[in-house]
J.: 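Take a look at the following structure, please.
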Amino acid sequence: MPYYRLKDLIKAIRACKTAADERAVIQKESAAIRTSFKEENNDARHSNVAKLLYIHMLGYPAHFGQIECLKLVASNRFADKRLGYLGIMLLLDENQEVLTLVTNSLKNDMNHSNMYIVGLALCTLGNISSPEMARDLCAEVEKLLGSSNTYIRKKAALCAMRIIRKVPDLQENFLNRAKNNLNDRNHGVLLTAITLIIEMCYKNPETVQTFRKTVPLLVRHLKTLVSAGFSQEHDVTGVTDPFLQVKILRLLRILGKGDAEASEAMNDILAQVATNTESSKNVGNSILYETVQTIMEIQSESGLRVLAINILGKFLTNRDNNIRYVALTTLNKTVSIDTNAVQRHRNIILDCLRDGDISIRRRALELSFALINESNVRVLTRELLAFLEVADNEFKQGMTTKICLAADRFAPNKRWHIDTVLRVLKLAGNFVREEILSNFIRLVSQTTELNAYTAQKLYASLKSDISQESLTLAGVWVIGEYGDILIKGGNFEEEELVKEVTESDVIDLLESILAGPYANQVTREYVLTALMKLTSRFTSISSIQRIQAYIEKYNTSIEVEVQQRAVEYSNLFKFESIRPAVLERMPIPEVKEEVVRQTEDTGSLLDDIGPVTATTATPQNAKNDIMNLFSSGSLLDDIDPATATTAAPLNAKNDIMNLFSPGPTTPTTAPVAPTQNAQQTNALDSLGLLGLGGAGIPSQSSTTSTSTSTSTSTSTDQYVAYNKNGFKVSLNPSKDPNNSNILNIEVTFHNVGVGVTVQNLLFQAAVPKTQKLQMQPPSSTSILPGATAQQTIRVANPQKSNVRLRLRIVYSTPTGAKVDEIAEFNGFPQEIW
Amino acid sequence: MCNVLEHGEHKVIYKRYASLYFAAGIDCEENELYVLEVIHRYVQLLDEFFGNVCELDIIYNFDKAYYVLDELVLAGELQEPGKKSVIKHINAFENACQLDIVTRNVENSIV
């Protein structure tokens, strides 16, 4: 038996003691409602939909009520319409097709005589409209935005805002009305008009220009609010209409950004608001927060900035957690602009690291990283390491990367650097990224004077703990490489790290790692290699025999990589003469070239996260070469690793690639998408030698290669690289939108005047040593007379050197002619790369 | 405890009133303290509308709670900063609905 009234249903559901009970009641009632819907009972529909909405709120399915809501909306009764629209807003969203059925009702109701019904329609449209509905009803909303009724004007403004969000193109329709509403005296209309304008400015930066003229008007409004006496209607605990104040401040922020004149006009009022607003309650603080943000983003005078920083400082010491959170967030944004001011508050920020609230801890962490510089790196790193010990796992990976980066950038000396990274590995070894590990290994190899120290420290930490994977990998590598230094033992200044390490101790440790529960395939590979290296570092025969026996155990390992290594190493024992040479000390890897991303805040530490992944080529080289040194090629060849650089195998490959063969190479990846503004040139340098600079490069202005803009980087500029015998090759360069180091070149082959079909087209290109080339297959290797073909090539240019191309064009014609030509092209303007 | 919870690209601002939590989801650009004020304004309106609102009021009249919310916030933005104005309109609509029902009943009974 169904419950007839909403109240009874709710009572019944609340009376249920168990979840199963509740489910049963709701199922029964749902069934009853469904039956009632089928019976098309108009009077009960209201009650049924209300019950259905309650059931929906509890999380049970209610989709069968959607059409009923539509029917309610179509009814004439006010109460029905109200509930119907509520149901539509709760049960439907813009992705459902049923929503389009509402459009007609909305249109009718927007023309209703009763303003509340109009309000209902505007509310529904504003909350859940889809782009199609937005387009359909735009005209209606426009009309209502100009209505004489303030209630309707308010809602129409916000509805227009939603329309613009969904369909940015419809902005122009609302511009004038929005501007007019700015003159309104009603706070509600003013508030919604400003909100609408803010949205317009976000969606379309050109609108900002149009509205800059309204800055004096806005300043006047704000002034009235701030200096007005007590106003009954709008007062909120002593502040007049804080909501409107905040919105005006936000709009001023958008209008003043980047424009000196507008910022000038707002200086006074901002100062007034900042000094006069009471900061004891949340209301005042919200206004101050918005003011500070505005001051920091516009071109304010220095006195104003100082005022803003002071307010932030006061916020930081406030006992209210929200205020501190907000201060930390804002300081994060300003630290790149004004680091010194933020440094003053360093201690408070470090205290916040230990705050009870996780949001505050997170913000303080980000801020701490941004604050690190040469002078405070030791102190800050110590604090951060202490925090790493107790941090949640979600923080750990980011933290390890950032701490190691900071250590990289600001290390006062090598020993401190190694110590810090070691500590990180010990504390959070399982959350350390591969690049960090490779960097560490490179660092250790480069710091030859500390090899003994590092080896000893790693040995000691491994003896106590083999559960951290990165620590194990690093330790195993170092022990393998410098095992002989480790055995020699000896004192090391300031540390009582004198351990008499014997060869068998070391082998024991490595064996325990292999046999331990934490070893995975990578660890096993590392340990096998390390053991093998030790056979040439250790001198006692028994150790060597022990190692040999141990390695042979893995000749039958299931993991292919491990088995391969074990078998090859075991084989190596047969070649006593060359074994020591093969296992000699590895050469020191080159210094990693630091690719600094081009952004406005070059001092920020957070940018370096990018380049760590960007130089995947070089760090990976170090690691891969450790792995690959013995698995590539045959061990029987007389390779002398002393002369073969670690990057030798890969370099050899690359050099071959760079000469006339369209093989793929791996482009580096880095964030930032600059655009370019190449001008038309006509550089024909087809037969000259690869000359440097000068010839053919026009001196153009407007280089936007360092700006970050979101427009796609396409250009229609064509550079003719080769034009002979009626066959033309033109190049169309464009910067890759995802990667500023990569230049995409669209090569177009034109069969202009060959007279016959061009067949078997082969196009090859070579670039200078510092760049890499990748070629896609051409669209076609046959070109009919008058037709064209395309081919895309990509040039990776991390060093931003002159992009020069040596081209080879080969084709044949049906008449038997064969063409094989070489051309040079050097005519790209500087902006392109 | 801080009233802000971060979740990916969004934040949840919540405020506790007796045994109820009022939570609002915002994106990273929004002023958190402003949202706290909006939440407080909503609770004040509920209090005014129901007269000393308690949890049961909201449970048994959830649709009315929605109507109040719809008068305060539209498309995620505040519509009307004045408290009295909002209350006035809500009550007026409520009365209009009642009047409408009554007139229809009268019409039906006449017919």
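All values reported here derive from a predicted model rather than from experimental measurement. In what follows, chains carry the letters A, B, and so on, assigned in the order in which the sequence lines appear, proteins first and then strands, with residues in each chain numbered from 1.
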J.: What part of B/L69 is in contact with chain A, defined as an atom under 4.5 angstrom from a non-hydrogen atom: side chain, backbone, both or neither?
T.: neither
J.: Heavy-atom distances under 4.5 Å only: say whether B/I59 touches chain A with side chain, backbone, both or neither.
T.: both
J.: Heavy-atom cut-off 4.5 Å, strictly under: side chain, backbone, both or neither for A/N186 against chain B?
T.: side chain
J.: Heavy-atom distances under 4.5 Å only: say whether A/V283 touches chain B with side chain, backbone, both or neither.
T.: both
J.: Which one wins on heavy-atom pair count under 4.5 Å against chain A: B/E94, B/Q44, B/Q98?
T.: B/E94
J.: Has the side chain of A/S359 got a donor or acceptor atom that lies under 3.5 Å from a matching backbone atom of B/V4?
T.: yes
J.: Over all heavy atoms of both residues, which pair between A/C123 and B/L74 is shortest? Give the atoms and the distance, please.
T.: CA-CD1, 3.9 Å
J.: With a sphere of 6.0 Å drawn around NZ of A/K333, does it hold more than 12 non-hydrogen atoms of other residues, nucleotides or ligands?
T.: yes
J.: Heavy atoms, side chains only, cut-off 4.5 Å: are B/I90 and A/Y116 in contact?
T.: no
J.: Could you please state which residues from residues 25-42 of chain B sit under 4.5 angstrom from chain A, measuring non-hydrogen atom to non-hydrogen atom, sorted by number, or 'none'?
T.: B/E30, B/N31, B/E32, B/L33, B/Y34, B/L36, B/E37, B/V38, B/R41
J.: Could you tell me whether A/K155 and B/E71 make a salt bridge, using a distance below 4.0 angstrom between a side-chain N and a carboxylate O?
T.: yes
J.: Would you indicate whether B/R104, at its atom CZ, is surrounded by more than 12 heavy atoms from other residues, nucleotides or ligands within a distance under 6.0 Å?
T.: yes
J.: Just checking A/E278: does its CD atom have more than 12 heavy atoms from other residues, nucleotides or ligands closer to it than 6.0 angstrom?
T.: no
J.: Could you tell me which portion of A/D241 (side chain, backbone, both or neither) has an atom closer than 4.5 angstrom to a non-hydrogen atom of chain B?
T.: side chain
J.: Identify the heavy atoms of A/M161 and B/E77 that sit nearest to each other, and give their distance.
T.: CE-CG, 3.4 Å
J.: Do any N or O atoms from the side chain of A/N127 and from the backbone of B/A75 form a donor-acceptor pair under 3.5 angstrom?
T.: yes
J.: Picking from A/M115, A/H234, A/K247, which has the most non-hydrogen pairs under 4.5 angstrom with chain B?
T.: A/K247
J.: Drop me the distance from B/C2's SG to A/D357's CG, to the nearest 0.5 angstrom.
T.: 4.5 Å
J.: Which bit of B/S85 comes within less than 4.5 Å of chain A, counting heavy atoms only: side chain, backbone, both or neither?
T.: both
J.: Please test B/Y67 against A/L120 for side chain to side chain contact (heavy atoms under 4.5 Å, CB included), starting from the C-alpha separation and ending with a verdict.
T.: CA-CA 10 Å; B/Y67 300 146; A/L120 277 180; 5.9 Å; no
J.: Could you tell me if the side chain of A/Y151 sits less than 4.5 Å from the side chain of B/Q79, heavy atoms only?
T.: no
J.: So which part of A/V189 gets closer than 4.5 Å to some heavy atom of chain B, the side chain, the backbone, both or neither?
T.: neither
J.: Find the one option among A/R250, A/R162, A/Q293 whose heavy-atom pairs under 4.5 Å with chain B are most numerous.
T.: A/R250
J.: When you check the gap from the basic side-chain N to the acidic O, do B/K83 and A/E233 get nearer than 4.0 Å?
T.: no
J.: So which bits of residues 78-91 of chain A come within less than 4.5 Å of chain B, counting non-hydrogen atoms only?
T.: A/F78, A/A79, A/R82, A/L83, A/L86, A/M89, A/L90
J.: Against chain A, work out which of B/H89, B/K84, B/K11 has the most heavy-atom pairs shorter than 4.5 Å and name it.
T.: B/H89
J.: At what distance, to the nearest 0.5 angstrom, does CG of B/D63 lie from CG of A/L6?
T.: 6.5 Å
J.: Using 0.5 Å steps for rounding, measure from the OG1 atom of A/T329 to the CD atom of B/E6.
T.: 7.0 Å
J.: Do you know which two heavy atoms are closest between B/P81 and A/H187, and how far apart they sit?
T.: CG-CB, 3.8 Å
J.: Given a strict heavy-atom distance threshold of 4.5 Å, which part of B/D100 is in contact with chain A: side chain, backbone, both, or neither?
T.: side chain
J.: Does any backbone or side-chain atom of A/K7 lie under 4.5 Å from a heavy atom of chain B? Answer side chain, backbone, both or neither.
T.: both
J.: Examine whether an atom of A/R363 lies under 4.5 Å from a heavy atom of chain B, and if so say whether it belongs to the side chain, the backbone or both; otherwise answer neither.
T.: side chain
J.: Heavy-atom pairs under 4.5 Å with chain B - which of A/N282, A/D235, A/N114, A/L191 has more of them than the others?
T.: A/N282
J.: I'd like to know whether A/R14 forms a side chain to side chain contact (heavy atoms under 4.5 Å, CB included) with B/Y60, so could you lay out the CA-CA distance, the side-chain angles of the two residues, the decisive distance to 0.1 Å, and finally the verdict.
T.: CA-CA 11 Å; A/R14 282 171 62 81; B/Y60 280 94; 3.9 Å; yes
J.: I would like to know whether B/F62 and A/L53 meet side chain to side chain contact (heavy atoms under 4.5 Å, CB included); could you show each step before the answer?
T.: CA-CA 9 Å; B/F62 72 93; A/L53 288 179; 3.9 Å; yes
